[in-house]
Amino acid sequence: MTVTWVTDSEPNERFTLYTRGNVGEVFPHVITPLTGTLIGDAIRQAQSDVLVEMGVLHRSEVAGPSATTGVFGGYLYMNGSAMRLFGVRMPGMTWRDADEQVMGAVEGVPPYEPAKGDRNLTASLATVRYSTKLLRRPDLEFLATARTDAQRWLATMPDLTEAPDQQLLRWLDDFPARQAASMKRLLQAAMFAGAPRGILDQLLEQRQAPPGLANRIVSGTGDVDSAQLAQRMWVLGRIVAADERLGAAFGEGLDRIAERTAETDLQPAIAAFLADHGHRGNDEYELATPAWVMDPAPVYAAIDRLRNAPEDRDPVATTRRLAADADRALADALQLVRRPMRWLLRRSAMVARQGAIARERAKDIMVLENLGARQVLHELVRRAAERGGPSDPRLGFCITIDELADYLARPAAFSDVIAERAARAEYLNQRVPPPWFDGRIPDPSTWSNREEVTTERPAAGTVISGIAVSGGTASGPARVIDDPADPRGLEPGDVLVCSITDPSWTPLFLGAVAVVCDSGAVLSHAAIVARELGIPAVMSAQGITAVSDGTILHVDGDSGTVSVA
């Protein structure tokens, strides 16, 4: 079976190493043709523009395909070679720092091999100028302006019940350019977080600082958007916990739970939550997946888990404690470095904290704009279904953006195309894409079948090493979760074990004593949120999802180890 996917791109001839890295958290599954063809080219161009504007890469170096990201076998990959070059060219960082921030600890990845032209004085000076500007004048105001602009654009969306097809299609014309602008902000924010964090890590490593000190310093900002989402969700869980009738309703199961709790204090609170955070959801960049405001079932599932969480997990109180601890950690760190370096350490710490805020805020704005495109596309797909197209909305996303107008006019004419692409998507989604590849991706026919993967369960006494991203230690029974909308009985005191997370997982963190992921890195979403919520976390603990539910795990978020009891 030939499995070349409709949104696939060609690999770059110079930058040949690709990784699922952090991008696996935003596109965990095969990208649908409609999403990929609508935004793919604009996103890649924006990524290249940012790296050139920052001075990391020269325009000639990003001339080839997939110099930043690419889609291979239907899955999104980040160009690890380009990110390593950023580490090489940024004074105070190394290629290993770049790996740890965006790729994580992935088994078998070849080490960086210097090539002619990699070390470039002009590029290094440009990155220094950019970093110095950040350190001297960090500013998040551009994100406030961007959010206001996004809200204004959303307000121009035509009435979905009355607007003709062509009006909705014309409104969508602006979306790719807006996504490109959002991606540029997101990458700028990621560099905002990454470069200062790299400097901070280097300064502390040189002075042999205690493990986890850098993570303590950047924790507890109190202003990370996805952590604030968890705080709001926590309040919803407390409403249910305090009301016997609501507790009984949830105890009967989640079937028709919105209807069964309609005349309670919970509903206005959920309505307010969705007004502020309803643009979030599972697979947030995949437009075929509905946002919470379109399908709030995952919100109720999260509330069901949080209603039993102990009071001492209150995220507001935790943030206050972490903020005080961050101040103590910074004071300890300043005593470790020589006096002339203290200004640099203090500024790096402050900007790294603001960078984490910026990264998550930029992502939130991007997802907010996604909501408009998501609602319009789902309405168009619904109309096509009424005219003879498939009733399953996700099948409607099997057509490309160039085919959309014709599909709306003649849905039945695309039945064979949709059937073929749906079969290919199922084939690819049933397989495990390689976490990295160098050169060309292996043919998908050689990938493991998800249902047939037989990873050996870690034996008692096994210690799995990963990346320490959020400090502290905790022990508890493992609960392996594949889908945040189906938390499978995650209970207070459990260790949440998963492959990787996106913001829709955040509420589940509050019901867990620790978080461990198969993949991920220092700047992964799970790492940032775990630090904000004060939960020990280890990323890139490869093979951890093979543990059985109930296996006792000891998680050390300072050393980056997970011990199997």
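Starting from 1, each residue takes its place in the sequence as its number.
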query = How many angstroms lie between CD in Gln179 and CD in Glu369, if you round to the nearest 0.5 Å?
reply = 6.5 Å
task = Keeping the roles fixed (side chain from Asn429, backbone from His29), state whether a donor-acceptor pair exists under 3.5 Å.
result = no
message = Could you walk me through whether Arg457 and Ser548 satisfy the side chain to side chain donor-acceptor pair (under 3.5 Å) test, starting with their C-alpha distance in whole Å, then the side-chain angles of each, then the deciding distance to 0.1 Å, before giving a yes or no?
response = CA-CA 7 Å; Arg457 288 191 174 91; Ser548 300; 2.7 Å; yes
query = Should the pair Trp153 and Phe175 be assigned to parallel (<30°), tilted (30 to 60°) or perpendicular (>60°) ring geometry?
reply = parallel
request  = Of all the heavy-atom pairs spanning Val463 and Ser563, show the shortest one and how long it is.
outcome  = CG2-OG, 3.8 Å
task = Go through the steps for Arg260 and Phe250 under the test side chain to side chain contact (heavy atoms under 4.5 Å, CB included), then give the verdict.
result = CA-CA 9 Å; Arg260 290 188 287 112; Phe250 275 82; over 6 Å; no
task = Take atom CZ of Arg382 as the centre, draw a 6.0 Å sphere, and report whether it contains more than 12 heavy atoms from other residues, nucleotides or ligands.
result = yes
ask   = What closest approach, in Å, do Leu306 and Gly511 show between heavy atoms, and which atom pair accounts for it?
value = CD2-N, 4.2 Å
message = How close do Ala373 and Trp171 get, counting heavy atoms only, and between which atoms?
response = N-CZ3, 4.2 Å
Solution key, residues 528-547 side-chain donor-acceptor pairs under 3.5 Å, sequence neighbours excluded:
from, atom 1, to, atom 2, distance (Å)
Arg531, NH1, Val469, O, 2.9
Arg531, NH1, Val522, O, 3.3
Arg531, NH2, Val522, O, 3.1
Glu532, OE1, Thr221, N, 3.4
Glu532, OE1, Thr221, OG1, 3.0
Glu532, OE1, Gly222, N, 3.0
Glu532, OE2, Gly220, N, 3.2
Glu532, OE2, Thr221, N, 2.8
Glu532, OE2, Thr221, OG1, 3.1
Ser540, OG, Ala105, N, 3.0
Ser540, OG, Gly520, O, 2.6
Gln542, OE1, Glu107, N, 3.2
Gln542, NE2, Ala105, O, 2.4
Thr545, OG1, Asp518, OD2, 2.3

task = Answer whether the closest heavy-atom distance between the side chains of Thr69 and Phe27 falls below 4.5 Å.
result = no
note = When every non-hydrogen atom of Ala385 is compared with those of Pro390, the smallest separation belongs to CB-O, 3.3 Å
request  = Would you check if Asp223 and Arg361 make a side-chain contact, meaning some heavy-atom pair closer than 4.5 Å?
outcome  = yes
key: Test salt bridge (charged side-chain N to carboxylate O under 4.0 Å, His left out) applied to Arg216 - qualifying residues, sequence neighbours left out   = Asp325
key: N/O donor-acceptor pair under 3.5 Å between Asn282 side chain and Thr289 backbone   = no
Audit row: Leu168, Leu160, side chain to side chain contact (heavy atoms under 4.5 Å, CB included) steps and yes/no = CA-CA 8 Å; Leu168 294 179; Leu160 295 179; 4.0 Å; yes
query = Looking at side-chain heavy atoms only, is the closest gap between Leu287 and Leu34 below 4.5 Å?
reply = no
inquiry  = Would you compute the distance between atom CD1 of Ile365 and atom CZ of Arg185 and round it to the nearest 0.5 angstrom?
reply    = 5.5 Å
query = At their closest point, which heavy atom of Ala425 faces which heavy atom of Val30, and how far apart are they?
reply = O-CG2, 4.3 Å
message = So which atom in Ala333 and which in Ile217 form the shortest heavy-atom distance, rounded to 0.1 Å?
response = CB-CD1, 3.8 Å
request  = Evaluate side chain to side chain contact (heavy atoms under 4.5 Å, CB included) for Ile303 paired with Phe273, printing each intermediate quantity in order.
outcome  = CA-CA 12 Å; Ile303 294 171; Phe273 172 83; over 6 Å; no
task = Check the pair Gln228 / Gln231 against side chain to side chain contact (heavy atoms under 4.5 Å, CB included), numbers first and verdict last.
result = CA-CA 5 Å; Gln228 291 175 346; Gln231 293 172 3; 4.2 Å; yes
Straight-line distance of His279 NE2 to Leu154 CG, nearest 0.5 Å = 9.5 Å
key: Side-chain donor/acceptor of Asp283 to backbone N/O of Glu286, under 3.5 Å   = no
ask   = Are the side chain of Arg280 and the backbone N or O of Val367 linked by a donor-acceptor pair below 3.5 Å?
value = no
ask   = Thr35 side chain to Ile31 main-chain N or O, any donor-acceptor pair under 3.5 Å?
value = no
query = What's the spacing between Ile43 CD1 and Leu38 CG if we round to 0.5 Å?
reply = 9.5 Å
ask   = Hey, does the side chain of Glu284 reach the backbone of Gly281 with a donor-acceptor pair shorter than 3.5 angstrom?
value = yes
Flag side-chain contact, heavy atom, 4.5 Å: Leu395 against Val381 = no
task = Report the residues that fulfil salt bridge (charged side-chain N to carboxylate O under 4.0 Å, His left out) with Arg20, sequence neighbours left out, ordered by chain and then residue number.
result = none
task = Take Lys363 and Asp225 through the test salt bridge (Lys or Arg N to Asp or Glu O under 4.0 Å) and record every step on the way to the result.
result = CA-CA 9 Å; Lys363 180 180 288 187; Asp225 284 48; over 6 Å; no
task = Answer yes or no: does atom CD of Glu252 have more than 12 heavy-atom neighbours from other residues, nucleotides or ligands under 6.0 Å?
result = yes
Sequence neighbours excluded, every pair satisfying side-chain hydrogen bond (donor to acceptor under 3.5 Å, both in side chains) that has a member inside residues 490-499 = Arg305-Glu491
Partner set under salt bridge (charged side-chain N to carboxylate O under 4.0 Å, His left out) for Arg374, not counting sequence neighbours = none
key: Set of residues satisfying salt bridge (charged side-chain N to carboxylate O under 4.0 Å, His left out) with respect to Arg238, sequence neighbours excluded   = Glu311
key: Distance in Å, Asp332 CG paired with Asp327 CG, rounded so as to fall on 0.5 Å steps   = 11.0 Å
query = Within a strict 4.5 Å, meaning less than it, do heavy atoms of the Asp243 and Thr264 side chains meet?
reply = no
ask   = Would you say Ser519 and Thr19 make side-chain contact, with heavy atoms under 4.5 Å?
value = no
key: Side chain His554, main chain Val564, donor-acceptor under 3.5 Å   = no
ask   = Heavy-atom distance under 4.5 Å between the side chains of Arg197 and Asn215, does that happen here?
value = yes
query = Can you tell me if Arg313 uses its side chain to pair, donor with acceptor, with the backbone of Trp234 under 3.5 Å?
reply = no
key: Minimum side-chain heavy-atom gap Arg353-Met350 below 4.5 Å   = no
note = d(Leu204 CG, Leu200 CG) to nearest 0.5 Å is 4.5 Å
